[in-house]
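Here is how names work: the chains are called A, B, and so on, in the same order as the sequence lines, proteins then strands, and each is numbered from 1.
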Amino acid sequence: MRYWLMKSEPAGFSIDDFLAMPNQTTPWDGVRNYQARNFMRDQMKVGDQVFFYHSNCKEPGIVGLAEVSRAAYPDQTQFNPKSHYYDPKATPEKPRWVHVDVRCLQKTRLVSISELRSHPELARMRTLQQGNRLSITPVDPAEWRFICERLLGIKAARATAR
DNA sequence: GCCAACGTTGGC
DNA sequence: GCCAACGTTGGC
């Protein structure tokens with residue numbers, strides 16, 4: 001099992017929107033970056049644990065916990081000419097973009113990016129690196145545990161199991 | 001709104 | 001396959 005951080009702009013899709021989804025589940029569609037796509041396609045498995053992160057907003061940071069609930073499958077928005085995410089080079093026979101489904105497990109307090117940066121234990125976190133723009137980044141198990149247990153006070157049971 | 005840091009595009 | 005121009009991301 002792996003750990004991830006997934007960014008969303010709350011103006012478009014917030015933690016509250018996430019929780020309001022049927023079964024608290026959303027297709028993570030609209031990703032149009034190859035590295036992020038490859039993470040979903042090649043590495044993300046059902047049960048992988050996810051930090052849900054608000055980006056490009058007043059208070060950027062981690063706001064919830066989620067998990068991968070379905071492995072990668074074709075992103076339907078790429079075939080829809082009316083969609084903002086339409087990709088004329090993609091066909092149902094040869095899809096270019098895939099995504100996973102993600103289920104929200106719980107809202108957490110805001111752990112802001114400045115708080116994350118203040119901990120030397122997290123200095124190497126991928127999402128905190130200068131110039132990082134990836135909307136999906138891997139999280140090291142030690143970083144996951146530190147954030148869950150030390151910052152959120154949540155027993156990261158699944159972090160130690162398996 | 002600024003702008004640094006990336007990623008993508010397309011001419012050559 | 002290079003690389004300049006352009007577009008996007010996202011913290012500040």
Side-chain angles (χ1 to χ4, degrees), chain A residues 2-21 26-44 48-68 71-140 142-148 150-152:
Chain A
R2 289 186 161 96
Y3 303 95
W4 306 93
L5 182 144
M6 301 175 84
K7 296 183 194 173
S8 178
E9 302 192 9
F13 188 76
S14 71
I15 183 76
D16 291 325
D17 297 327
F18 200 171
L19 285 168
M21 294 291 286
T26 187
W28 203 265
D29 57 14
V31 170
R32 294 295 180 268
N33 171 282
Y34 287 105
Q35 261 188 285
R37 179 205 66 181
N38 293 347
F39 281 143
M40 289 197 282
R41 186 190 62 191
D42 303 333
Q43 298 191 35
M44 293 179 94
D48 279 9
Q49 301 293 291
V50 174
F51 287 132
F52 184 76
Y53 181 100
H54 279 173
S55 69
N56 197 20
C57 58
K58 194 166 182 188
E59 293 186 301
I62 294 167
V63 292
L65 302 182
E67 69 179 9
V68 176
Y73 61 103
D75 183 333
Q76 293 307 117
T77 64
Q78 70 193 307
F79 310 128
N80 179 2
K82 298 225 174 74
S83 169
H84 179 247
Y85 300 115
Y86 177 60
D87 183 343
K89 292 178 182 166
T91 64
E93 294 73 35
K94 278 210 141 192
R96 176 178 297 199
W97 304 105
V98 299
H99 63 73
V100 298
D101 282 357
V102 185
R103 178 161 197 259
C104 194
L105 298 176
Q106 68 176 98
K107 206 167 173 172
T108 66
R109 75 171 176 88
L110 169 74
V111 182
S112 70
I113 186 168
S114 58
E115 180 177 354
L116 293 171
R117 287 195 199 283
S118 74
H119 294 285
E121 292 89 343
L122 303 176
R124 297 181 39 129
M125 254 188 105
R126 182 94 169 251
T127 197
L128 300 181
Q129 299 311 303
Q130 184 179 27
N132 169 73
R133 293 187 344 190
L134 270 182
S135 60
I136 300 175
T137 50
V139 176
D140 287 346
E143 294 164 349
W144 179 273
R145 224 175 301 119
F146 183 86
I147 293 168
C148 281
R150 306 284 290 279
L151 303 187
L152 291 172

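For the segment residues 113-123 of chain A, residues with any heavy atom less than 4.0 angstrom from an atom of DNA chain C are, sorted by number, A:I113, A:R117. For the contact set between residues 55-63 of chain A and DNA chain C, defined by any heavy atom under 4.0 Å, the members are A:S55, A:N56, A:P60.
Checked by atom type and distance alone, the side chain of A:D29 never pairs as donor or acceptor with a backbone atom of A:D75 at under 3.5 Å. Under the 3.5 Å distance criterion, the side-chain polar atoms of A:R117 are matched with a main-chain donor or acceptor of A:L128. Under a 3.5 Å cut-off, the side chain of A:E9 and the backbone N or O of A:S14 do not form any donor-acceptor pair.
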- Quick one: what's the B/S/- string for nucleotides 3-9 of chain B, heavy-atom cutoff under 4.0 Å, read 5' to 3'? --BBSS-
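Annotation: ring-ring contact (aromatic ring centres under 6.0 Å, His included) contacts involving residues 87-117 of chain A, sequence neighbours excluded, comprise A:Y34-A:W97, A:Y73-A:H99.
A:R150 CZ: 12 or fewer foreign heavy atoms inside a 6.0 Å radius.
Residues satisfying the side chain to side chain donor-acceptor pair (under 3.5 Å) criterion with A:Y85, sequence neighbours excluded, are absent altogether. With sequence neighbours left out, A:S8 forms a side chain to side chain contact (heavy atoms under 4.5 Å, CB included) with A:F13, A:W28, A:F52.
If you measure from atom CD of A:Q129 to atom P of C:dG10, you get 15 Å, rounded to the nearest angstrom.
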- Message: Could you go through A:E143 and A:Y3, starting from their C-alpha distance and side-chain angles, then the distance that decides it, and tell me whether this counts as side chain to side chain contact (heavy atoms under 4.5 Å, CB included)?
- Response: CA-CA 9 Å; A:E143 294 164 349; A:Y3 303 95; over 6 Å; no
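In this structure, A:H54 and A:I15 approach most closely via the heavy-atom pair NE2-N, 3.0 Å.
Note on A:R126 versus A:D140: no salt bridge recorded, every NZ/NE/NH1/NH2 to OD/OE distance being 4.0 Å or above.
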